[in-house]
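Note that these values count all heavy atoms, side chains included, but never hydrogens, waters or copies made by symmetry. Numbers here simply count residues along the sequence, with the first being 1.
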Amino acid sequence: MPTGPFAHLHVHTHYSMLDGACRVRDIVQRTKELGMEAVAITDHGAMFGAVEFYNECREAGIKPLVGIEAYMSPTDRRDRSAKMGEGAYHLLLLAQNLAGYRNLLKLTSLSYREGFYYKPRIDKEILREFSAGLICTSACLGGEVADALMKRNTKVAGDVAELYLGIFGPERFFIEVQNNGLKEQDQVNPELAELARKLGVGIAGTNDVHFLHRDDHFAHDCLCCISMGKLQTDESRLIYPRALYLKSPQEMAEALADFPEAYDNTSRIAAMCDLELD
């Protein structure tokens, strides 16, 4: 089982509207309580909480990792032909430095001004243009790589991963793995790790944090019901796993026991980020 420092790289705050149930200050304080030295903010398609998060981290002596979980259009960002739910994949982006932070600002602005279709979307064209200073991971099961693997299309998964590798290079592109107790993750995680090995890139383990403590699942579920216009008695609705809370390093070591490199690379990625805001 892996040991050593761990950093949460995939974290949603309450600025992931009606999908994140973590207040910024609470995340920072809980990170400190659990003995971690760095933590990320990666809200859905937006940077509304970035400055607040940065200041709270600095005040608490925690290293801030500022990023987003972007919505990636499968085609052109201006294409509005896809059905609802099929028009965007997830992609995780973290700012290494001020240049990367400015590129995140540019990408999020363009996602709202030019790419908005159900969600604020970017595409591979502008990602390539504004990729400097950014670290990229393939994101969750909603990412394009994992989605292709779930559909048993290994060629598409490999082609997409190679495209991102071409944009970011082997030092700034990682294949993301998660273990939240989902059978789909059990299926694709070994395939994701094998794909990373073939491409010569690292894997990064995350927990896709949406709420602070395990017991906060009910409150988060209420937010999701409001977002989807559903009642909690509707068992056919989307229900998030109970494991999507801010786990301790020990809990993450257990979750990523089969992928020790994915655990270790979180601190490596955190060390690669050194954002200084005026």
Side-chain angles (χ1 to χ4, degrees), residues 9-17 19-20 24 38-58 63-80 82 87-140 142-145 160-174 176 201 204 206 208 269-278:
L9 305 177
H10 191 150
V11 181
H12 296 281
T13 76
H14 63 283
Y15 289 107
S16 286
M17 302 300 184
D19 193 37
V24 168
V39 66
I41 181 173
T42 55
D43 283 315
H44 283 301
M47 297 179 66
F48 307 134
V51 172
E52 178 186 348
F53 173 81
Y54 179 89
N55 289 333
E56 290 287 349
C57 282
R58 288 300 192 194
K63 186 175 188 178
L65 311 175
V66 176
I68 60 170
E69 186 170 23
Y71 291 108
M72 174 64 66
S73 171
T75 56
D76 187 279
R77 64 189 179 278
R78 292 154 291 210
D79 178 15
R80 288 163 171 77
Y89 294 105
H90 294 186
L91 192 73
L92 202 76
L93 301 171
L94 295 170
Q96 285 185 281
N97 47 39
L98 187 58
Y101 178 78
R102 288 172 172 163
N103 278 334
L104 284 181
L105 295 177
K106 190 70 176 180
L107 288 168
T108 53
S109 293
L110 288 169
S111 74
Y112 277 94
R113 290 169 45 223
E114 298 180 359
F116 197 96
Y117 180 62
Y118 296 109
K119 306 289 185 182
R121 306 175 307 161
I122 61 175
D123 61 17
K124 297 176 179 72
E125 176 191 8
I126 56 174
L127 181 65
R128 186 176 284 107
E129 182 179 354
F130 299 107
S131 63
L134 295 177
I135 293 172
C136 172
T137 80
S138 59
C140 56
E144 197 168 358
V145 177
V160 171
E162 285 186 3
L163 187 148
Y164 289 127
L165 174 59
I167 294 175
F168 293 96
E171 294 301 314
R172 294 190 293 128
F173 175 60
F174 293 81
E176 187 171 338
V201 301
T206 73
D208 200 2
I269 292 170
M272 293 168 62
C273 298
D274 189 21
L275 175 62
E276 293 286 341
L277 296 182
D278 185 346

Novice: What pair of heavy atoms forms the shortest contact from Ala139 to Glu69, and how long is it?
Specialist: CB-OE2, 4.1 Å
Novice: Are the side chains of Phe116 and Arg77 in contact, using a 4.5 Å heavy-atom criterion?
Specialist: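 Contact flag for Arg77/Phe116 side chains = no.
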Novice: Do Ile122 and Met72 pass the side chain to side chain contact (heavy atoms under 4.5 Å, CB included) test, and can you show the C-alpha distance, the side-chain angles, and the key distance before you say yes or no?
Specialist: CA-CA 5 Å; Ile122 61 175; Met72 174 64 66; 3.8 Å; yes
Novice: Are side-chain heavy atoms of Ile68 and Asp43 found at a separation under 4.5 Å?
Specialist: no
Novice: For residues Thr206 and Glu176, is any side-chain donor paired with an opposing acceptor at under 3.5 Å?
Specialist: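 Per modelled atom types, Thr206 and Glu176 side chains form a pair under 3.5 Å.
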Novice: Check whether any side-chain heavy atom of Met47 lies under 4.5 Å from a side-chain heavy atom of Phe53, and answer yes or no.
Specialist: no
Novice: Could you tell me whether the side chain of Val39 reaches within less than 4.5 Å of the side chain of Leu65, counting heavy atoms only?
Specialist: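 No; the side chains remain at least 4.5 Å from each other.
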Novice: Would Leu134 and Leu94 count as a side chain to side chain contact (heavy atoms under 4.5 Å, CB included) here? Give the steps.
Specialist: CA-CA 6 Å; Leu134 295 177; Leu94 295 170; over 6 Å; no
Novice: In terms of side-chain heavy atoms, does Glu52 have a donor or acceptor partner in Tyr15 at a distance below 3.5 Å?
Specialist: yes
Novice: Start with the C-alpha gap between Thr42 and Leu9, add the side-chain angles, then the distance that decides, and say whether side chain to side chain contact (heavy atoms under 4.5 Å, CB included) holds.
Specialist: CA-CA 8 Å; Thr42 55; Leu9 305 177; over 6 Å; no
Novice: Write down the atom of Gly45, the atom of Ser111, and the distance for their closest heavy-atom approach.
Specialist: O-OG, 4.1 Å
Novice: Mind checking whether Leu107 and Leu127 have side chains closer than 4.5 Å, heavy atoms only?
Specialist: yes
Novice: Taking the inter-plane angle between the rings of Tyr71 and His90 on a 0 to 90° scale, is it parallel (under 30°), tilted (30 to 60°) or perpendicular (over 60°)?
Specialist: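 Perpendicular.
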Novice: Within the supplied structure, the quantity of interest is the number of heavy atoms (other residues, nucleotides, ligands) at a distance under 6.0 Å from Lys124 NZ; does it exceed 12?
Specialist: yes
Novice: Give a yes or no on whether the ring-centroid distance for His14 and His12 is below 6.0 angstrom.
Specialist: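 Judged by ring-centre distance (under 6.0 Å), His14 and His12 do not meet the cut-off.
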Novice: Side chain of Arg121, backbone of Asp79: donor and acceptor closer than 3.5 Å?
Specialist: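 Confirmed, Arg121 side chain pairs with Asp79 backbone.
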Novice: With the side chain counted from C-beta on, respond yes when Leu165 and Pro170 share a heavy-atom pair under 4.5 Å apart, and no when they do not.
Specialist: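 A side-chain contact exists here, since the closest heavy-atom pair is under 4.5 Å.
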Novice: Calculate, to the nearest 0.5 Å, the distance between atoms OH and OG belonging to Tyr164 and Ser131 respectively.
Specialist: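 Result: 12.0 Å between the selected atoms.
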Novice: Between the side chains of Arg58 and Tyr54, is a donor N or O closer than 3.5 angstrom to an acceptor N or O?
Specialist: yes
Novice: Can you list the steps and then say if Tyr101 with Asn97 is a side chain to side chain contact (heavy atoms under 4.5 Å, CB included)?
Specialist: CA-CA 6 Å; Tyr101 178 78; Asn97 47 39; over 6 Å; no
Novice: How are the rings of Phe173 and Phe168 set relative to one another: parallel (under 30°), tilted (30 to 60°) or perpendicular (over 60°)?
Specialist: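 Judged by the thresholds at 30° and 60°, the geometry between Phe173 and Phe168 is parallel.
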Novice: Decide side chain to side chain donor-acceptor pair (under 3.5 Å) for His44 and Asp19; before the verdict, give the C-alpha distance in whole Å, the side-chain angles of both, and the deciding distance to 0.1 Å.
Specialist: CA-CA 9 Å; His44 283 301; Asp19 193 37; 2.8 Å; yes
Novice: Considering all heavy atoms of both residues, which atom of Arg80 and which atom of Tyr117 are nearest to each other, and what is their separation?
Specialist: O-OH, 3.1 Å
Novice: Measuring only between side-chain heavy atoms, which start at C-beta, is Leu91 closer than 4.5 Å to Glu144?
Specialist: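 Heavy-atom side-chain distance check fails, nothing below 4.5 Å.
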Novice: Report yes if the side chains of Phe130 and Glu125 come closer than 4.5 Å at any heavy-atom pair, otherwise no.
Specialist: no
